[in-house]
Amino acid sequence: MTVLVDSNVLLDVITRDPTWFPWSSGRLAELAELHELAINPIIYAEVAVHFSSVEELDETLGADDFRRLDLPWQAAFLAGRCFLLYRKRGGARRSPLPDFYIGAHAAVSGFRLVTRDAARFRTYFPRVEIISP
């Protein structure tokens with residue numbers, strides 16, 4: 001089974017976050033034993049802000065470790081609809097649409113999602129199996 005890896009989990013490992021590094025690195029190691037780990041262009045972009053070159057980023061997010069997936073058009077539609085629902089429920093405009101796109105990608109593709117931001121994903125994508133602390 002494919003597990004989409006949210007950028008916050010990747011950044012915990014990359015930055016060796018003092019609070020979250022143990023959980024995130026441990027979960028990724030466990031999941032990699034049994035599942036294919038994947039990222040998409042949005043996750044890649046969110047992680048890219050911490051790197052000065054694409055080569056350095058590509059070395060860190062190696063193709064042998066993370067399958068790179070295209071974003072399905074159906075996910076774009078679902079992300080937009082869920083974001084609209086979020087806004088109608090009073091959600092802040094500053095909440096990033098990319099999070100909804102990541103959740104929608106997992107939903108339409110039948111992927112599991114490993115993240116530390118479980119609440120929003122569970123609310124708007126209840127069929128996605130969330131792996132979180």
Side-chain angles (χ1 to χ4, degrees):
M1 172 170 273
T2 300
V3 177
L4 197 59
V5 181
D6 197 3
S7 56
N8 57 27
V9 174
L10 293 170
L11 290 171
D12 290 344
V13 176
I14 292 165
T15 65
R16 299 191 66 83
D17 182 273
T19 302
W20 291 107
F21 176 81
W23 184 86
S24 294
S25 62
R27 272 320 260 162
L28 287 181
E30 290 171 11
L31 290 166
E33 290 291 322
L34 300 172
H35 306 287
E36 174 181 61
L37 301 180
I39 59 173
N40 64 31
I42 291 175
I43 295 164
Y44 185 91
E46 289 180 330
V47 173
V49 300
H50 294 273
F51 291 86
S52 57
S53 73
V54 69
E55 293 81 11
E56 183 184 4
L57 176 57
D58 285 345
E59 184 177 321
T60 301
L61 298 179
D64 291 339
D65 299 318
F66 300 95
R67 182 172 163 210
R68 294 178 183 201
L69 302 171
D70 292 329
L71 291 163
W73 287 99
Q74 291 173 313
F77 180 81
L78 181 58
R81 298 303 302 166
C82 289
F83 185 72
L84 177 63
L85 179 59
Y86 166 80
R87 293 287 297 132
K88 285 182 177 180
R89 291 179 175 172
R93 187 172 291 268
R94 70 183 189 289
S95 181
L97 180 58
D99 286 349
F100 287 91
Y101 213 143
I102 291 166
H105 186 185
V108 302
S109 299
F111 299 153
R112 298 168 76 192
L113 175 64
V114 60
T115 183
R116 284 191 293 100
D117 295 332
R120 182 178 307 138
F121 290 114
R122 285 190 176 124
T123 299
Y124 293 95
F125 306 99
R127 293 189 180 132
V128 173
E129 184 180 339
I130 303 296
I131 302 162
S132 67

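Values below: every heavy atom of this structure, side chains too, minus hydrogens, waters and symmetry copies.
- In this structure the side chain of S132 reaches within 4.5 angstrom of the side chain of R122, judged on heavy atoms.
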Open item on the list: Is there a side chain to side chain contact (heavy atoms under 4.5 Å, CB included) between I43 and Y101? Walk through the geometry before answering.
Closed with: CA-CA 10 Å; I43 295 164; Y101 213 143; over 6 Å; no

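- In this structure, the side chains of H105 and I102 stay at 4.5 Å or more apart for every pair of heavy atoms.
- Residues P22 and D17 approach most closely at CD-O, 4.3 Å, considering heavy atoms.
- Between atom CG of residue L113 and atom CD1 of residue I130 there is a gap of 4.5 Å, rounded to the nearest 0.5 Å.
- The two residues C82 and Y124 have their closest heavy-atom pair at SG-O, 3.7 Å.
- In terms of modelled atom types and a separation under 3.5 Å, the side chain of D6 and the main chain of V9 share no donor-acceptor contact.
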Task: Step-by-step side chain to side chain contact (heavy atoms under 4.5 Å, CB included) determination, F121 to V128 - done: CA-CA 8 Å; F121 290 114; V128 173; over 6 Å; no

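- R87 contributes atom CZ, which lies 11.5 Å from atom CG of L97 (distance to the nearest 0.5 angstrom).
- Of the possible donor and acceptor atoms, one in the side chain of N8 sits under 3.5 Å from a partner among the backbone N and O of R116.
- Nearest heavy atom pair, residue E56 against residue S52, reads OE1-OG, 3.3 Å.
- Here the OH-CG distance, from Y44 to L61, works out to 7.0 Å after rounding to the nearest 0.5 Å.
- Of all the heavy atoms in A75 and A104, the pair that sits closest is O-CB, 3.3 Å.
- When all heavy atoms of W23 and V114 are compared, the closest pair comes out as CH2-CG2, 3.9 Å.
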Open item on the list: Between T60 and I14, does the side chain to side chain contact (heavy atoms under 4.5 Å, CB included) criterion hold? Intermediate values first, please.
Closed with: CA-CA 8 Å; T60 301; I14 292 165; 3.9 Å; yes

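- The minimum heavy-atom distance between W20 and P133, with the atom names listed, is CZ3-CG, 3.2 Å.
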Open item on the list: With side chain to side chain contact (heavy atoms under 4.5 Å, CB included) as the criterion, how do F100 and L78 come out once you've worked through the C-alpha distance, each side chain's angles and the decisive distance to 0.1 Å?
Closed with: CA-CA 8 Å; F100 287 91; L78 181 58; over 6 Å; no

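- Linking ILVMFWY residues whenever their side-chain heavy atoms come closer than 4.5 Å, directly or via other members, places V108 and L85 in the same cluster.
- Here R68 pairs with D58 in a salt bridge; the nearest charged N to carboxylate O distance falls below 4.0 Å.
- Taking CZ of F51 as the start and CD of E59 as the end, the distance is 9.5 Å to the nearest 0.5 Å.
- For the pair D99/E46, a side-chain contact is recorded, criterion being any heavy-atom separation below 4.5 Å from C-beta on.
- When each of L10, L4, V3 is paired with L37, the side-chain contact (heavy atoms from CB on, under 4.5 Å) condition holds for V3 and for no other.
- Results of the side-chain contact (heavy atoms from CB on, under 4.5 Å) test with T2 over H35, R67, R112 single out R67 as the only residue that passes.
- Checking side-chain atoms of T115 against main-chain N and O of A118 turns up no donor-acceptor pair under 3.5 Å.
- The local environment of CD in E36 is crowded, with over 12 non-hydrogen atoms from other residues, nucleotides or ligands closer than 6.0 Å.
- Follow the hydrophobic side-chain contacts under 4.5 Å out from V54 and you reach I42 in the same cluster.
- In this structure, OG1 on T19 lies 12.5 Å from CZ on F21, to the nearest 0.5 angstrom.
- Residue F77 qualifies as open at atom CZ: its count of foreign heavy atoms under 6.0 Å is 12 or below.
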